[in-house]
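Within every chain, numbering begins at 1; the chains are lettered A, B, ... in the order of the sequence lines, protein sequences first and strands thereafter.
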Amino acid sequence: MGERLLGREFFDRPSDVVAPGLLGRVLVHGPVAVRLTEVEAYGPPGHDPASHTYRGRTPRNAVMFGPPGHLYVYFTYGMHYCANLVCLPEGMGSGVLLRAGEVIEGADVARARRHRPATSGPLTHPGRVPAERDLARGPARLAVALGIGREHNGLDCCVPGELRVLEGDPPSPAAVRSGPRTGVSSAADTPWRFWIDGDPTVSPYRKHVPKTRPN
DNA sequence: GTCGAGATAAACT
DNA sequence: GTTTATCTCGACG
């Protein structure tokens, strides 16, 4: 017992307020539990050029316009899933990207998913056994560790169910750092990435590098 | 630790 | 056609 869920009102605030408050919280899916150590906030339409919702609602981002506390899962780079928690009331379109965490339960299951993920798709990483701290270090790896895929898009994480967010053990405010978001080309000066200072599971910062394939 | 290249889907111009 | 809220691998230090 003692599984205290984060209430929906927690998410019914701007994403840059929710994001630092999510650090130290625990996301649970089956036998695997991850304590969040790094997150990024994405703002509502028209206010944040880096947000999926910047240009309004599309089939992909529809969940972000739904009620707060639900999970928004998207597929990117042709092979990775990333997970967000929706913020602000229904209709606003904002959320927090879950960038990294520490696997505190079910590490064996999380590690096994690296080889044979719960969802079908090109997520296999054959031949390599990841170190404990790398299991959920980075948004796509966090999704793999928790077994999150397309089928979890839109799930409510504020009720007892398959996926849920627990109150966990937040760090002291002094241990929270912030800086520019990772891999975004626009609004690079907006310090909406938050992490727990000194935590080994925080992903290394990578600035955006434009892609162009020769030929 | 750094670097570059490649894999690949969906949204966008 | 190009870009993207990424990761892995090998090479190198």
Side-chain angles (χ1 to χ4, degrees), chain A residues 15-16 18-20 22 27 36-65 71-87 93-101 103 110-111 113-117 119-131 133-153 178-195 198 200-215:
Chain A
S15 56
D16 58 314
V18 172
L22 270 175
L27 191 55
L36 298 174
T37 58
E38 181 187 0
V39 296
E40 279 177 4
Y42 287 88
H47 292 271
D48 181 7
S51 175
H52 282 179
T53 62
Y54 182 57
R55 293 172 186 85
R57 183 173 180 145
T58 68
R60 180 171 72 156
N61 65 26
V63 168
M64 276 184 93
F65 288 86
L71 197 71
Y72 164 51
V73 181
Y74 69 92
F75 190 55
T76 191
Y77 289 101
M79 61 184 86
H80 297 304
Y81 292 100
C82 297
N84 299 243
L85 286 165
V86 176
C87 296
S94 124
V96 174
L97 170 68
L98 310 178
R99 283 204 56 88
V103 177
R111 190 176 294 108
R113 291 210 248 251
R114 282 297 187 96
H115 304 270
R116 196 68 57 135
T119 60
S120 59
L123 280 175
T124 49
H125 309 304
R128 187 164 174 276
V129 178
R133 59 177 272 194
D134 288 335
L135 282 175
R137 195 186 195 210
R141 290 190 285 203
L142 184 148
V144 170
L146 278 167
I148 290 174
R150 262 193 193 338
E151 68 271 28
H152 302 107
N153 191 30
S178 68
R181 289 173 292 188
T182 302
V184 307
S185 54
S186 54
D189 52 331
T190 305
W192 275 7
R193 171 181 177 243
F194 302 90
W195 67 93
T201 63
V202 171
S203 63
Y205 176 71
R206 282 188 282 277
K207 74 176 184 201
H208 172 70
V209 185
K211 286 262 297 232
T212 338
R213 224 176 12 85
N215 258 354

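With rounding to whole Å, A:Arg99 atom CZ is found 7 Å from C:dA5 atom C1'. Across the protein-nucleic acid pair, A:Tyr54 atom OH and C:dA5 atom P stand 14 Å apart, rounded to whole Å. For the pair A:His52 NE2 and C:dA5 C1', the interatomic distance rounds to 5 Å; values are reported in whole Å. The distance from atom CE of A:Met79 to atom P of C:dC7 is 11 Å, rounded to the nearest whole Å. Distance A:Phe75 CZ to C:dT3 C1': 16 Å, rounded to the nearest Å. Atom OH of A:Tyr81 is separated from atom P of C:dA5 by 18 Å (rounded to the nearest Å). For A:His80 and B:dA10, the NE2 to C1' distance is 14 Å, given to the nearest whole Å. Regarding A:Leu98, its CG atom lies at a distance of 15 Å from the C1' atom of C:dT6, rounded to whole Å.
An aromatic stack links A:Tyr42 and the base of C:dA5, using centre distance under 5.5 Å and interplanar angle under 30°. Stacking between A:Tyr77 and the base of B:dT8 is absent under the criterion of ring centres within 5.5 Å and planes under 30 degrees.
Side-chain nitrogen and oxygen atoms of A:Arg137 include none within less than 4.0 Å of the OP1 or OP2 phosphate oxygen of C:dC7. Between A:Arg114 and C:dC7 there is no side-chain polar atom (N or O) within less than 4.0 angstrom of OP1 or OP2. Within the 4.0 Å cut-off from OP1 or OP2 of C:dT3, not a single side-chain nitrogen or oxygen of A:Ser185 is found.
Here A:Arg181 lies out of heavy-atom contact (under 4.0 Å) with every strand. A:Thr182 comes within 4.0 angstrom of sugar-phosphate atoms only, judged by non-hydrogen atoms across all strands, and of no base.
No side-chain donor-acceptor contact under 3.5 Å links A:Thr190 to the backbone of A:Trp192. In this structure a side-chain-to-backbone donor-acceptor pair under 3.5 Å is missing from A:Arg137 to A:Arg133. With hydrogens and angles ignored, the 3.5 Å screen pairs no side-chain donor or acceptor of A:Arg193 with any backbone N or O of A:Glu38. Judged by distance alone, with hydrogens and angles left aside, the side-chain atoms of A:Asn84 form no donor-acceptor pair with the main-chain N or O of A:Gly95 at under 3.5 Å.
Comparing B:dC3 with C:dA5, their C1' atoms sit 22 Å apart, to the nearest whole Å.
The listed nucleotides are C:dA5, C:dT6, B:dA10; the one nearest the side chain of A:Ala140 is C:dT6. Residue A:Arg55 has its side chain nearest to B:dC12 when only C:dT4, B:dC12, C:dA5 are considered. Residue A:Arg141 places its side chain closer to C:dT8 than to any other of B:dA10, C:dA5, C:dT8.
The base of C:dA5 sits within donor-acceptor range of the side chain of A:Tyr74, with an N or O pair under 3.5 Å.
Side chains of A:Arg99 and A:Leu142 form no contact here, defined as non-hydrogen atoms less than 4.5 Å apart.
With a 3.5 Å ceiling on both atom-pair distances, C:dA5 lacks any Watson-Crick or G-U wobble partner.
Under 3.5 Å, the side chains of A:His52 and A:Tyr72 contain a donor-acceptor pair of N or O atoms.
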